[in-house]
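Below is one structure, written out as structure tokens; comments come after it.
Letters A, B, ... are given to chains in the order of the sequence lines, protein chains preceding strands, and every chain is numbered from 1.
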2 protein chains.
Amino acid sequence: MNIISYNVNGLRSALSKGLVEWVREASPDVLCLQEIKAGREPLDVSGLEALGYHAYLHPARKPGYSGVATFSKQKPLAVVEGCGTALYDDEGRVLRLDFPGCSVLNVYMPSGTSGPERQAFKVEWLHFFRRYVRELQAAGTPPLVIGGDFNCCQRDIDLHNPKANQQSPGFTPEERQWFQDLLADGYTDSFRHHHGDATGHYSWWTYRAGARARNVGWRLDHLLVDRELQPRIQEAHLLPDVVHSDHCPAQLVLNV
Amino acid sequence: MNIISYNVNGLRSALSKGLVEWVREASPDVLCLQEIKAGREPLDVSGLEALGYHAYLHPARKPGYSGVATFSKQKPLAVVEGCGTALYDDEGRVLRLDFPGCSVLNVYMPSGTSGPERQAFKVEWLHFFRRYVRELQAAGTPPLVIGGDFNCCQRDIDLHNPKANQQSPGFTPEERQWFQDLLADGYTDSFRHHHGDATGHYSWWTYRAGARARNVGWRLDHLLVDRELQPRIQEAHLLPDVVHSDHCPAQLVLNV
DNA sequence: CGTCTCACG
DNA sequence: CGTGGGACG
């Protein structure tokens with residue numbers, strides 16, 4: 001099972017840059033997109049449907065903002081839009097597809113970069129999210145693959161300049177601790193599992209100052225798997241040569 | 001004296017498309033621009049100043065909206081920004097430069113196309129403008145050259161589809177009458193003076209549906225001259241091959 | 001820097 | 001259709 005998570009920074013923009021052609025070649029079984037930045041009407045996903053995908057959209061209430069979408073070759077057993085909390089569901093941040101043996105939770109976590117207010121919102125979200133995941137487990141949801149733009153990372157090797165970013169949203173001590181706690185809850189970072197302490201692997205680069213060309217980036221996009229699924233991790237990669245967005249896709253191949 | 005009026009639909013956009021290079025070649029003595037859509041700070045007119053022009057800007061209060069600018073090789077005897085009525089001056093619509101023997105009044109008249117409210121505003125403006133011009137004459141202003149985007153025209157031959165536009169803003173009976181009255185006040189439409197009843201000469205084409213390629217346009221940009229100056233009209237042209245905007249420049253060569 | 005919505009034309 | 005702003009990232 002080939003699962004790809006990709007923050008497309010505007011699905012229409014990504015489609016205009018050849019997203020469909022790339023998906024045809026990459027051929028993921030499940031494709032989790034974040035920041036689709038469009039609702040159902042302005043969006044034309046027929047190109048992806050023509051490749052055989054079932055399309056599930058969870059846009060934000062505010063036009064042109066946030067939103068997630070998951071595309072699946074296999075028809076899921078169940079689809080759950082949102083997390084049941086309007087505060088977050090209005091921002092289109094979570095979308096779950098259940099399959100036999102695993103559940104794919106597509107998530108776009110808030111960015112804290114626009115100011116302290118949004119950073120506070122993000123931190124509240126992070127704590128909410130851990131509780132939410134625990135509740136899903138308790139409710140008997142199949143073992144989770146959590147794929148998405150986490151807007152944070154855990155270790156010094158997850159960003160180009162850890163020293164300068166000790167207090168930057170996405171790498172504050174609080175967020176790093178949170179990430180560690182989430183892993184301790186029983187999740188495996190599939191990229192680290194497969195690549196160990198490899199450095200210089202990032203999934204986001206600011207558009208400014210030629211950061212991507214110089215590989216001045218952050219690893220913000222993750223595919224975590226329930227500890228039950230860990231033995232099934234076959235491959236896990238970032239795909240930095242794929243350029244429809246300021247993020248690149250993260251990929252996980254699971255033996256199921 | 002070579003005078004050009006040009007609605008640039010965003011001066012920054014026009015500059016990015018090579019406006020300075022074109023101005024160097026056209027070499028007008030006075031250049032009246034409308035819809036500069038920027039204030040003094042975001043604007044860099046050093047390219048035009050480097051050609052030897054004195055720059056006079058009258059931006060709107062609202063950023064990115066309306067605004068006129070006049071560039072002159074000769075330093076004018078006087079410069080008058082606005083018309084003294086805040087309602088109009090907030091929208092950056094008139095800018096007068098006085099020279100020995102003539103005064104160039106750069107004007108961007110309101111468009112009525114966004115709705116009946118703005119059309120009513122436009123009609124009030126039109127009547128205000130005739131009074132204003134009469135007051136200028138009475139005050140002993142040198143004979144006027146009125147150059148700008150009038151956002152209206154007078155005769156059937158001034159637009160591609162007069163039948164279908166009898167009630168369209170820019171060609172309502174009320175506006176056509178107003179135009180005729182303005183001419184009767186003692187002004188000459190320099191283009192008609194030079195070209196008689198020539199057809200198919202327009203200065204604006206909608207961006208939609210390839211209208212410019214099919215020459216489906218309107219003659220909205222005019223250079224009127226005081227009856228005193230009429231004998232001095234040497235040439236008057238539209239320059240439809242000049243493409244920095246959805247308008248083209250209008251040119252007048254005056255014998256002074 | 002880039003994508004999106006909105007006002008305006 | 002296209003410019004320019006502002007929100008957001």
Side-chain angles (χ1 to χ4, degrees), chain A residues 7-17 19 34-39 41-43 59-67 91-93 108-115 117-119 121-122 149 151-152 168-170 204-213 216 218 220-221 243-247, chain B residues 7-17 19 34-39 41-43 59-67 91-92 108-115 117-119 121-122 149 151-152 168-170 204-213 216 218 220 243-247:
Chain A
N7 177 321
V8 288
N9 189 26
L11 182 46
R12 270 174 300 182
S13 166
L15 286 168
S16 79
K17 294 171 184 166
L19 184 73
Q34 302 88 35
E35 277 204 275
I36 59 171
K37 287 188 170 182
E41 296 86 61
L43 222 47
R61 193 176 269 267
K62 172 151 102 173
Y65 177 70
S66 187
E91 296 195 0
R93 299 199 170 271
Y108 172 47
M109 311 223 182
S111 164
T113 54
S114 25
E117 203 171 89
R118 286 300 288 178
Q119 177 65 10
F121 178 87
K122 176 186 189 175
D149 176 0
N151 262 315
C152 58
S168 300
W204 173 82
W205 306 261
T206 174
Y207 277 123
R208 285 163 254 192
R212 191 160 185 169
V216 177
W218 296 52
L220 300 178
D221 299 86
V243 285
H244 311 94
S245 165
D246 52 347
H247 292 248
Chain B
N7 178 320
V8 289
N9 189 25
L11 182 47
R12 270 173 300 182
S13 167
L15 287 167
S16 79
K17 294 172 184 165
L19 184 73
Q34 301 89 35
E35 278 206 273
I36 60 172
K37 287 187 169 184
E41 297 86 60
L43 222 45
R61 194 176 268 267
K62 173 150 101 173
Y65 177 71
S66 186
E91 296 195 359
Y108 173 47
M109 311 223 181
S111 164
T113 56
S114 26
E117 203 170 88
R118 286 302 287 180
Q119 177 65 10
F121 178 87
K122 177 187 189 174
D149 176 0
N151 263 315
C152 57
S168 300
W204 174 82
W205 306 261
T206 174
Y207 277 122
R208 286 163 252 190
R212 191 160 185 170
V216 177
W218 296 52
L220 300 178
V243 285
H244 311 94
S245 165
D246 51 347
H247 291 246

Measure from [atom1] on [X] to [atom2] on [N] and round the result to the nearest Å.
X	N	atom1	atom2	result
B/Asp149	D/dT3	CG	C1'	15 Å
B/Leu15	D/dG4	CG	C1'	14 Å
B/Asn9	D/dG2	CG	P	10 Å
A/Lys17	C/dC4	NZ	C1'	12 Å
A/Gln119	D/dC8	CD	C1'	15 Å
B/His247	D/dC1	NE2	P	18 Å
A/Glu35	C/dC4	CD	C1'	10 Å
B/His244	D/dT3	NE2	C1'	15 Å

Min side-chain heavy-atom separation B/Cys152-B/Met109 under 4.5 Å:
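No, side chains not in contact.
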
State, with a plain yes or no, whether a side-chain heavy atom of A/Ser13 is found less than 4.5 Å away from one of A/Lys17.
yes

Quick check: on DNA chain C, is the nucleotide nearest A/Ile36 upstream (toward 5') of the one nearest A/Thr206, or the reverse? Name the residue that is more 5'.
A/Thr206

Of A/Tyr207 and A/Pro42, whose closest DNA chain C nucleotide lies nearer the 5' terminus?
A/Tyr207

Between B/Thr113 and B/Asn151, is the side chain to side chain contact (heavy atoms under 4.5 Å, CB included) condition met? List the steps.
CA-CA 10 Å; B/Thr113 56; B/Asn151 263 315; over 6 Å; no

N/O (side chain, B/Arg12) to phosphate O (OP1/OP2, D/dG5) under 4.0 Å
yes

Between B/Ser13 and D/dT3, is there a contact of a side-chain N or O with OP1 or OP2 at under 4.0 Å?
yes

Could you check whether the rings of A/His247 and A/Trp204 sit parallel, tilted or perpendicular, using 30° and 60° as the cut-offs?
tilted

Under-3.5 Å N/O pairs linking protein and nucleotides 6-8 of chain C:
unit_1: C/dC8; atom_1: OP1; unit_2: B/Lys62; atom_2: NZ; d: 2.9

Suppose we screen for side chain to side chain contact (heavy atoms under 4.5 Å, CB included). Which residues come up paired with A/Ser114, at least two apart in sequence or across chains?
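Scan of A/Ser114 (side chain to side chain contact (heavy atoms under 4.5 Å, CB included), adjacent residues dropped) gives A/Arg118.
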
Under the side chain to side chain contact (heavy atoms under 4.5 Å, CB included) test, which residues partner A/Asn9, sequence neighbours left out?
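Expected list: A/Asn7, A/Glu35, A/Lys37, A/Tyr207, A/Ser245, A/Asp246.
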
Please round to the nearest 0.5 Å and tell me the distance separating atom OG of A/Ser66 and atom CZ of A/Arg61.
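Taking OG in A/Ser66 and CZ in A/Arg61, the distance rounds to 13.5 Å.
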
